[in-house]
Amino acid sequence: MSLDKNDVRRVAFLARIRVDEDDLEPVARDLNNIIGWVEQLAEVDTDGVEPLTGVTGMTLKRRDDVVTDGGDPDKVLRNAPDRVGDFYAVPKVVE
Amino acid sequence: MMSDLNSLTIAEAAAALDKGGCSAAELADASLAAAEAASGLNAFITLTPDIARERAAASDARRAKGAAMGPLDGVPVAIKDLFCTEGVPTTAASHILDGFVPPYESTVTRNLIDAGAVMIGKTNLDEFAMGSSNMTSYHGPVKNPWTGPGGEDLVPGGSSGGSATAVAARLCPASIGTDTGGSIRQPASLCGIVGLKPTYGRCSRWGIVAFASSLDQAGPFARTVEDAAILLGAMAGHDPKDSTSAPREVPDFRAAVTGGVKGLKVGIPREYTMDGMPAEIQALWDQGAQWLKGQGAEIREVSLPHTKYALPAYYIVAPAEASSNLARYDGVRYGLRVDGETLDDMYANTRGQGFGAEVRRRVLIGTYVLSAGYYDAYYVKAQKVRTRILEDFTRAFADVDVLLTPTAPNAAFPVGAKMDDPIAMYLNDVFTVPANLAGLPGISVPAGLDTDGLPLGLQLVGRPFDEETVLRAAQAIETAAGFAALPKYLGGQA
């Protein structure tokens with residue numbers, strides 16, 4: 001499988017990363033180098049093998065669903081690039 | 001400004017503090033002065049002199065009352081700028097975290113504060129810990145204190161390059177880093193120091209800027225195996241805030257160091273002999289096996305047949321997890337915002353300008369391998385190969401107690417090299433990545449010099465949660481190697 005300009009445009013949109021039109025071609029070449037290299041995994045027999053998602057072998061612990069922290073909007077919002085009152089501000093989404 | 005205090009190990013500094021030979025304040029000042037004088041190495045993104053002096057004074061006050069807390073109380077340490085530190089800028093060496101000041105402290109750095117350690121600053125790294133040379137940092141490359149045969153500047157390795165350089169240049173006795181595919185062990189090897197990646201789950205990941213969550217693990221850098229054991233003991237422990245943190249007691253790692261290797265079964269994985277690997281690395285590896293044998297260990301050849309697939313599997317799994325983890329950098333809640341007409345434009349502009357080339361590359365690959373139609377072919381396939389790699393190790397550890405390998409396929413290389421060939425750069429982690437995929441503890445110990453006079457490390461990999469065996473085998477290598485060479489920066493490499 002190999003990526004073309006359209007694939008890069010689609011993936012860049014999914015990742016919300018601006019890639020200029022002129023850069024689509026070189027980025028596709030760059031990604032194809034790496035994708036081509038990882039495709040050697042096809043040589044490995046993985047029939048009947050379970051995928052490994054983590055190595056701990058632990059089941060996640062449950063805890064009570066209670067509030068243990070919070071109530072400090074100023075601390076939470078202190079790093080916000082833009083805020084209005086106790087809210088993060090973003091460009092207008094709805095007309 | 002170097003003083004005798006800068007040459008102390010943790011164990012020596014602790015002894016000097018106990019005997020009144022020096023104060024924590026003097027140690028902190030010596031470290032800060034050395035770090036300021038070493039600004040050309042670019043090991044630090046932020047120095048924290050006020051915090052250092054305050055914590056050192058508190059340590060001296062504790063000691064005066066007879067309430068000193070242990071061997072780290074009053075000892076200067078440097079922190080990779082991937083650990084969130086309350087009130088101190090945390091950048092992950094990325095433009096996208098400009099101005100971010102965490103309102104909380106990571107668990108590992110909290111544990112160090114509670115052990116009395118004195119933070120002197122936040123160290124440089126590859127952006128979001130993605131790299132093997134420290135070249136991808138938004139804050140510029142770090143220089144290795146070792147220089148090339150023609151006097152050229154060399155990389156310290158990566159991603160924890162600043163933490164490795166800080167210890168190798170004796171700016172502080174120890175530092176901490178993180179290791180997702182080799183980011184502690186590879187720079188330790190390239191800088192001639194000790195670096196340890198613990199078992200996945202040994203140290204809490206809470207408050208560490210996430211790269212690949214199923215692989216990331218924090219660990220120590222130091223000049224001796226004993227010091228690494230001391231620091232690991234303070235960093236480790238169960239943390240309810242990290243659901244993958246192991247609910248286990250922390251053993252006395254320092255005591256394990258002196259255990260010796262008599263009767264220990266050491267495996268030599270034959271697949272780690274790589275085409276094109278320098279003969280001197282093969283020779284050092286053979287020498288390492290002889291050193292262990294000479295101290296009573298039994299050497300056995302073992303097979304890890306899927307070794308060559310570890311790196312390509314890693315370059316699917318790690319970017320996939322990174323693309324998901326880095327989705328949070330949206331220009332809304334912290335860090336850089338680059339405006340756009342719509343919300344989507346703002347996201348794309350912020351992330352397009354905020355991430356450097358390697359981070360963009362990995363997020364795009366990760367997004368691709370997780371996208372509809374490719375998920376099974378790439379991501380699930382890589383996870384199945386990961387199972388095969390874990391099975392290889394499980395089988396090997398039925399026969400042997402620890403594995404001995406080279407840490408990296410090369411010594412330190414010139415600043416700027418390999419930057420136009422990502423796969424050549426990725427190959428630096430060929431010997432370290434398998435332990436991450438399997439979650440195993442590994443350590444790099446400086447073992448010798450190559451023909452250019454540059455340090456080379458040997459790696460020991462152990463069973464899950466058996467850092468103690470890894471440490472005592474590492475101590476045996478350290479004792480036999482007697483590595484005492486100094487980098488050019490400290491007047492060595494004559």
Side-chain angles (χ1 to χ4, degrees), chain A residues 1 3 7-8 10-20 23 27-28 30-31 33-63 68-69 72 74-83 88-93, chain B residues 99-101 103 200-201 214 240 243-244 246 306 308-309 312-313 315-316 323 327 330-337 339-349 351-353 355 360-361 363-365 367-368 371 374 377-378 380-388 390 422-423 437-439 464:
Chain A
M1 282 177 266
L3 292 89
D7 294 321
V8 174
R10 179 181 63 88
V11 171
F13 175 72
L14 287 173
R16 300 296 190 277
I17 290 178
R18 171 85 57 230
V19 177
D20 291 336
D23 290 334
V27 170
D30 186 37
L31 298 185
N33 268 337
I34 294 163
I35 295 291
W37 172 69
V38 299
E39 280 179 353
Q40 62 178 293
L41 294 184
E43 297 165 14
V44 184
D45 176 9
T46 53
D47 284 353
V49 174
E50 285 295 310
L52 187 71
T53 51
V55 291
T56 59
M58 298 190 300
T59 41
L60 288 180
K61 269 204 191 158
R62 289 169 179 256
R63 59 168 168 77
T68 57
D69 199 0
D72 195 347
D74 271 333
K75 202 170 174 183
V76 172
L77 285 157
R78 197 173 300 150
N79 281 291
D82 192 12
R83 66 183 277 191
Y88 295 108
V90 297
K92 193 190 273 187
V93 179
Chain B
F100 173 60
V101 180
Y200 184 84
S214 79
S243 62
T244 62
H306 295 89
K308 70 175 277 208
Y309 301 108
Y315 274 96
I316 293 176
S323 73
D330 56 6
V332 174
R333 290 160 297 167
Y334 35 69
L336 180 75
R337 171 183 292 195
D339 286 324
E341 286 196 18
T342 66
L343 188 59
D344 271 335
D345 283 340
M346 188 202 82
Y347 292 150
N349 291 342
R351 293 164 61 79
Q353 291 183 37
F355 292 145
R360 289 199 302 270
R361 177 184 286 138
V363 171
L364 291 173
I365 287 174
T367 306
Y368 179 68
S371 65
Y374 301 99
Y378 292 113
V380 175
K381 180 74 184 183
Q383 287 183 313
K384 288 179 176 176
V385 173
R386 196 174 172 189
T387 301
R388 286 290 194 215
L390 179 62
I423 294 171
L437 289 172

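Because only heavy atoms are used, hydrogens play no part in the values below, and waters and symmetry mates are left out as well, while side chains stay in. Source: prediction; values computed, not measured. First the proteins, then the strands, lettered A, B, ... as listed; each starts at 1.
Contacts of B/Ala438 with chain A are made by backbone atoms alone, with heavy-atom separations under 4.5 Å and no side-chain atom involved. B/Leu364 touches chain A through backbone and side chain together, each having a heavy atom under 4.5 Å away. Looking at B/Pro103, the atoms closer than 4.5 Å to chain A (heavy atoms on both sides) sit in the backbone and in the side chain alike. For A/Arg10, the part lying under 4.5 angstrom from a heavy atom of chain B is the side chain only. Interface remark: B/Asp345 contributes backbone and side-chain atoms alike to the contact with chain A (heavy atom separation under 4.5 Å). Looking at A/Val8, neither its backbone nor its side chain comes within 4.5 Å of chain B, counting heavy atoms on both sides. B/Glu341 touches chain A through its backbone: at least one of N, CA, C or O sits under 4.5 Å from a heavy atom, while the side chain does not. In this structure, the portion of B/Thr342 lying under 4.5 Å from any heavy atom of chain A is its backbone and not its side chain.
Taking both residues in full, the closest heavy atoms of A/Asn79 and B/Gly99 are given as OD1-O, 3.7 Å, listed atom of the first, atom of the second, then distance. Considering all non-hydrogen atoms of both residues, A/Leu31 and B/Ile365 come closest at CD2-CG1, 3.6 Å. When every heavy atom of A/Pro81 is checked against every heavy atom of B/Gly331, the shortest pair comes out as CG-O, 3.4 Å.
Among B/Tyr334, B/Tyr309, B/Tyr347, the residue making the largest number of heavy-atom pairs under 4.5 Å with chain A is B/Tyr309. Annotation: maximal heavy-atom pairing with chain A below 4.5 Å, among B/Arg333, B/Gln353, B/Arg337, occurs at B/Arg333. Taking chain A as the reference chain and counting heavy-atom pairs below 4.5 Å, the highest number among B/Ala327, B/Ser214, B/Gly201, B/Gly439 is found for B/Gly439. The greatest number of non-hydrogen atom pairs below 4.5 Å with chain A, out of B/Thr244, B/Asn349, B/Asp339, is found for B/Asn349. Per-residue heavy-atom pair counts under 4.5 Å with chain A were compared for B/Leu390, B/Val380, B/Asp344, and the maximum is reached by B/Asp344. Your options are A/Leu14, A/Thr53, A/Val19, and the one with the most heavy-atom pairs under 4.5 Å with chain B is A/Thr53. Most heavy-atom pairs under 4.5 Å with chain B: of the set A/Asp45, A/Val76, A/Leu77, this distinction falls to A/Asp45. Here A/Glu43 is the residue among A/Arg63, A/Arg83, A/Glu43 with the most heavy-atom pairs under 4.5 Å with chain B.
Taking NZ from B/Lys384 and CG from A/Asp47, the interatomic distance works out to 7.5 Å, rounded to the nearest 0.5 Å.
Within the 3.5 Å criterion, the main-chain N or O of A/Glu50 finds a donor-acceptor partner in the side chain of B/Thr387. Of the possible donor and acceptor atoms, one in the side chain of B/Lys381 sits under 3.5 Å from a partner among the backbone N and O of A/Val44. For B/Arg351 (side chain) and A/Ala15 (main-chain N/O), a donor-acceptor pair under 3.5 Å exists by modelled atom type.
When side chains are defined from C-beta on, B/Arg388 counts as touching A/Val49, because their heavy atoms get closer than 4.5 Å. At least one side-chain heavy atom of B/Arg386 sits under 4.5 Å from a side-chain heavy atom of A/Val55. Residues B/Tyr368 and A/Ile35 are in side-chain contact: their nearest non-hydrogen atoms beyond the backbone lie under 4.5 Å apart. Side-chain atoms of A/Asn33 and B/Pro422, non-hydrogen and from C-beta on, never get closer than 4.5 Å to each other. In this structure the side chain of A/Ile34 reaches within 4.5 angstrom of the side chain of B/Arg361, judged on heavy atoms. Residues B/Ile316 and A/Leu41 meet the side-chain proximity criterion, which asks for heavy atoms closer than 4.5 Å.
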